[in-house]
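Down below is the structure, laid out as structure tokens.
Remember, it's 1-based here, ligands and their atoms both numbered in the order they're listed.
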Amino acid sequence: MNKIYKNRRKKLIDLLESESSILILSNQTQYKNSDIEYRFRQDSSFWYLTGLNENDSALLIIKHKNNDYDEILFTKARNKNKEIWTGHILGLERASEYTEIKKVYRFNDLEDFFENNNICNFKKLYFDFAGNSYLDLRKKILQIAKQKRCQEIINSEYLISELRIIKEDYEIDLIKKSAKINCNAHKTIIEMCMNNNFKYEYQVYAEFSKMFLKENANYAYEPIIASGKNASILHYVANNQEMKKNDLLLLDVGCEYEYYASDITRTIPLGKKFNSAQKAIYDIVLKANIAAKEQAFKLNATIQSVHDVAVKEIIKGLIDLKILKTSFDEALETKSYMKFFMHKTSHWLGLDTHDVGFYTEKDNSSKILKTGMLFTIEPAIYFNEFYLEDYEVPKEFLGIGIRIEDNLLKTDSACEVLTEIPIKL
Ligand SMILES: [Mn+2]
């Protein structure tokens, strides 16, 4: 197991320029209130490179002029008084054994290490200085690096995402498992919803929780169980409203299994039958979803071309319904369609739901989809009453929100769709 992480570090070291270093911090324990801790979730990049689930830890890799390198791990020491309350701490010795990193220091000494070593007057320091844990420590390290005339401080994502964006077979297996658990839950719960088994959104939430937890999985993010016009709010997470029989229900639920996410959205009519406005919009979104997937299957397709194809279907559909009252070209040019479809069609998927990785190359061209990349396809149309108040949309469309989201793995020959959930009406 630990060989996986060691190999990844080796690849990272190969990417790192000489006289440069990279620092990756673990996640910090977050508190709900007073001394009540949220369940700990490791920082994805720290996990990716070490496989350690400890907070108060950091990985520092230094590459010298002659291309020799140092791997240094910082972690917290064992502590009987703490361990009686919150359990097992790995400690320096065992962390060293597990990772096979020989130089292991206390996390509390990280700042001093930067202060007293010459790594900061190196050419480059890769470091996520804008991360949202250990704010004071991040600021301090940035300060020290600047004081010591580090020539360039670069977001570590630039380096790590080059590795993380292409998934290893080991990762693909875990994502497939995550997608399978998620698909099974969606299939079962969609069937139950269409048979009106639930009265409130939170009852649907409870069912997803049960189906995930019994597979040793959990949510990748707060699920969106949005009935009626709640579906026109992109990240609706209150999940506490009564569901009405002829409303739509949008289910956007992410499953995390062994750190890996799948991210699925289906929108269904609660009474098993769409009304004509719902059906018209659903058909456009479904067409956009299918067309975008076909595009992704093509050789050398870019992530932008997948979005363009989805946008094209959405504009065409909205013009046919006379919701957009301009020519196709004008809608594209003025981006008037963005009142109804305001996000991108895809994001990368992996350890993070919105996984690391840039969408363009250094020359600003869109990234070509390559074997081992995992991404979503999620076209949508929303008619949010509040957002659209100045726009003329026939009344029957107001409040509708429809999104259909699949997860795809780019393969040598085409693409594998990991989320087949046919909706039987
Ligand atoms: Mn998504």
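Side-chain rings of F340 and F397 stay apart, their centers remaining 6.0 Å or farther from each other.
Formation of a donor-acceptor pair under 3.5 Å by the E201 side chain with backbone atoms of S227 is found in this model.
For the ring-ring contact (aromatic ring centres under 6.0 Å, His included) test, no residue two or more places apart in sequence or in another chain qualifies with Y48.
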> Between Y382 and Y387, is a ring pair (Phe, Tyr, Trp, His ring centres under 6.0 Å) present by the stated rule, with each step listed?
Replying inline: CA-CA 10 Å; Y382 312 95; Y387 186 63; 9.5 Å; no
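Pairs of residues two or more places apart, or lying in two chains, that qualify as ring pair (Phe, Tyr, Trp, His ring centres under 6.0 Å) and include a residue from residues 275-302 are F274-Y282. Residue pairs meeting the ring pair (Phe, Tyr, Trp, His ring centres under 6.0 Å) criterion with at least one member in residues 220-267, sequence neighbours excluded: W47-Y259.
Looking only at protein N/O/S atoms, the ones less than 2.8 Å from the Mn ion (ligand 1) make 4 in total.
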